[in-house]
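Report on one structure; see the data block that follows.
Heavy-atom basis, side chains included; hydrogens, waters and symmetry copies ignored.
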Amino acid sequence: LTRLVAQAGGFFAHKTVSAEEDWRHAELTIRVPADSFGKLHDGARALGTVTRDEQQGEDVTKQWQDLEARIKIRQAEEQALVRLMARQGRLADLLEVEKRLWEVREQIEQAQGELRVLRDQVTLATLTVTLREEVPAGVGKVGPWNLGYHVVNAVHALVSAVRAVLVA
């Protein structure tokens, strides 16, 4: 999976690997260029048995256009306020214009930040993968029959049986 992610030009945004009792479990969040998503998705599916596959998308065109329009309007307002400040006037008027200018600049920066987030969502796709091992951690498969695997299962069965007798 690491090789597939590298080949797709992606990266691991989040990685959690844990051992629950004797089983290993991993949850991975992968960010990959949107045009490489299909190849990575298909490659990841081929690595094991898929138990669940869900895809979703969101059209952000309207949000994008709205943000761009808000930025243009605020930038025009900013220019008008700068021209207004250039005129000589009373100190109280200048302070009021300067206060409004700072508010408009803050709104522009906020909208530009939101636009950067949308741009990131559009250019990068997210793939979340959950992995589970089929055999207990630390016990490798050797051929069609694995003594270690069966010994571990026998010990678990014995512990369960002793627990049941104690409870009874």
Side-chain angles (χ1 to χ4, degrees), residues 1-79 102-161 163:
L1 186 58
T2 301
R3 183 179 46 77
L4 287 173
V5 170
Q7 287 174 348
F11 61 93
F12 290 94
H14 178 78
K15 187 186 298 188
T16 301
V17 179
S18 60
E20 298 172 7
E21 296 181 12
D22 291 335
W23 300 87
R24 287 192 292 200
H25 178 261
E27 291 187 23
L28 312 163
T29 302
I30 302 163
R31 299 290 303 207
V32 63
D35 57 350
S36 299
F37 177 80
K39 183 178 177 183
L40 177 63
H41 177 263
D42 294 344
R45 286 183 60 84
L47 294 176
T49 303
V50 177
T51 57
R52 182 173 176 227
D53 187 347
E54 179 181 332
Q55 293 186 27
Q56 66 182 28
E58 180 181 354
D59 186 6
V60 295
T61 305
K62 185 177 180 189
Q63 285 177 275
W64 189 295
Q65 291 171 343
D66 181 51
L67 282 170
E68 285 182 332
R70 282 187 6 211
I71 289 170
K72 285 179 185 176
I73 290 168
R74 293 295 176 245
Q75 286 173 335
E77 184 179 0
E78 179 183 35
Q79 293 303 315
W102 281 107
E103 291 171 359
V104 168
R105 284 186 178 158
E106 182 180 7
Q107 291 171 356
I108 290 171
E109 289 176 11
Q110 181 181 11
Q112 288 173 335
E114 291 175 29
L115 194 58
R116 280 190 295 274
V117 169
L118 284 180
R119 188 174 291 121
D120 179 61
Q121 288 177 350
V122 169
T123 58
L124 293 175
T126 303
L127 178 67
T128 303
V129 179
T130 302
L131 304 170
R132 289 184 198 84
E133 260 188 337
E134 292 181 7
V135 297
V139 179
K141 289 185 177 179
V142 180
W145 190 77
N146 185 333
L147 178 63
Y149 174 79
H150 294 290
V151 168
V152 169
N153 279 340
V155 169
H156 284 290
L158 178 62
V159 169
S160 295
R163 185 179 303 146

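- The CG atom of L127 sits 10.5 Å away from atom CG of L4, with the distance rounded to the nearest 0.5 Å.
- Counting only heavy atoms from C-beta outward, the side chains of Q110 and R74 never approach each other to under 4.5 Å.
- Across all non-hydrogen atoms, the minimal contact from P33 to G9 is CD-O, 3.4 Å.
- Between atom CD of residue Q7 and atom NZ of residue K39 there is a gap of 6.0 Å, rounded to the nearest 0.5 Å.
- Residues Q75 and I108 form a side-chain contact, since some pair of their non-hydrogen atoms from C-beta on lies under 4.5 Å apart.
- Within the 4.5 Å cutoff, the side chain of L28 has no heavy atoms near those of the V5 side chain.
- Atom-to-atom distance recorded for K15:NZ and T2:OG1 is 5.0 Å, nearest 0.5 angstrom.
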After noting the C-alpha distance and the side-chain angles of W102 and E106, does the key distance pass the side-chain hydrogen bond (donor to acceptor under 3.5 Å, both in side chains) rule? CA-CA 6 Å; W102 281 107; E106 182 180 7; over 6 Å; no
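- Scanning both residues, S36 and A8, for their nearest heavy atoms gives OG-O, 3.4 Å.
- For the pair R70/L67, a side-chain contact is recorded, criterion being any heavy-atom separation below 4.5 Å from C-beta on.
- Using a 4.5 Å heavy-atom threshold, the side chains of I71 and L115 count as touching.
- Going from atom CZ of R163 over to atom CG of L158 covers 11.0 Å, rounded to the nearest 0.5 Å.
- You'll find the side chain of H41 reaches within 4.5 Å of the side chain of D53, heavy atoms only.
- If you take OG1 on T128 and CD on E54, they are separated by 10.0 Å, rounding to the nearest 0.5 Å.
- No option in T130, T16, V17 other than T130 meets the side chain to side chain contact (heavy atoms under 4.5 Å, CB included) test with H25.
- Once rounded to the nearest 0.5 Å, the distance linking CD of E27 with CG of L131 reads 9.5 Å.
- At least one side-chain heavy atom of F11 sits under 4.5 Å from a side-chain heavy atom of L124.
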